[in-house]
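Each ligand, and each atom within it, is numbered from 1 in the order the structure gives.
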Amino acid sequence: MGSYIPDEVVEDIRQRTDIVEVVSQYLTLERRGKNLLALCPFHQEKTPSFNVNPEKQIFHCFGCGVGGNVFKFLMMVEGVSFPDAVRTLGAKAGITVPERYSPADTAQKSKKERAWEIYGLSREYYRLLLSKEVGQRAMQYLVKRNLTKTSQETFQLGYAPAGWDALTKYLLSKGVSKDELIKLGLAQSKENGCYDRFRDRVIFPIWDSQVE
Ligand SMILES: [Zn+2]
């Protein structure tokens, strides 16, 4: 995870940064309608398919599929971490990003990290079930949809079993509290306990949106 920067600070820097200006320091952009085009720096090509959309402040390459906001671009083109990309662009925008944050910020950080830890446990559990007999029908479905082993790995697909509390029981045994399960949307409460939110379905995890 690296060092933590509050979302408001990240958003503030993003709003004060122009993606076109940043990308122009690396690539020659040509206007094409609403978008700006360039030869993609992330794959070999002879005709430009790397697009920058000034209105949405995002980039996307139709050749290799990469895309995201200005932080993602800097991370990829300079090979730096997310906090470093935020700091670099913050400095340009006149916003100093401290190395450390107050105890309140640290509490927010640990809450976030705890959430990721629990999501990670759930993902691993669902992935394991997909490879077991209980997940066989889901696996057949994925094979029919032409989702190869490689893309199953890439997208970290899993299977949530049909019962009422498989994940809940598993996570409780790992020291996760009922409160946490409900707050994170993994379980729903009922009078005498809680039950799994996801039942008998294929699970497609969603990744951190901060760098997208
Ligand atoms: Zn590309």
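- Looking at Asp7 and Lys112, a side-chain N of the basic residue comes within less than 4.0 Å of a carboxylate O on the acidic one, giving a salt bridge.
- Between Tyr125 and Tyr170, the gap from one ring centroid to the other is short of 6.0 Å.
- Side chain of Glu30 to main chain of Leu37: no donor-acceptor pair is present (N/O by atom type, distance under 3.5 Å, no hydrogens or angles).
- With hydrogens and angles ignored, the 3.5 Å screen pairs no side-chain donor or acceptor of Gln188 with any backbone N or O of Asp196.
- Within the 4.5 Å cutoff, no side-chain heavy atoms of Thr17 are placed close to those of Lys92.
- With waters neither drawn nor counted, the protein N/O/S atoms under 2.8 Å from the Zn ion (ligand 1) amount to 4.
- A 6.0 Å sphere centred on OH of Tyr26 holds more than 12 heavy atoms belonging to other residues, nucleotides or ligands.
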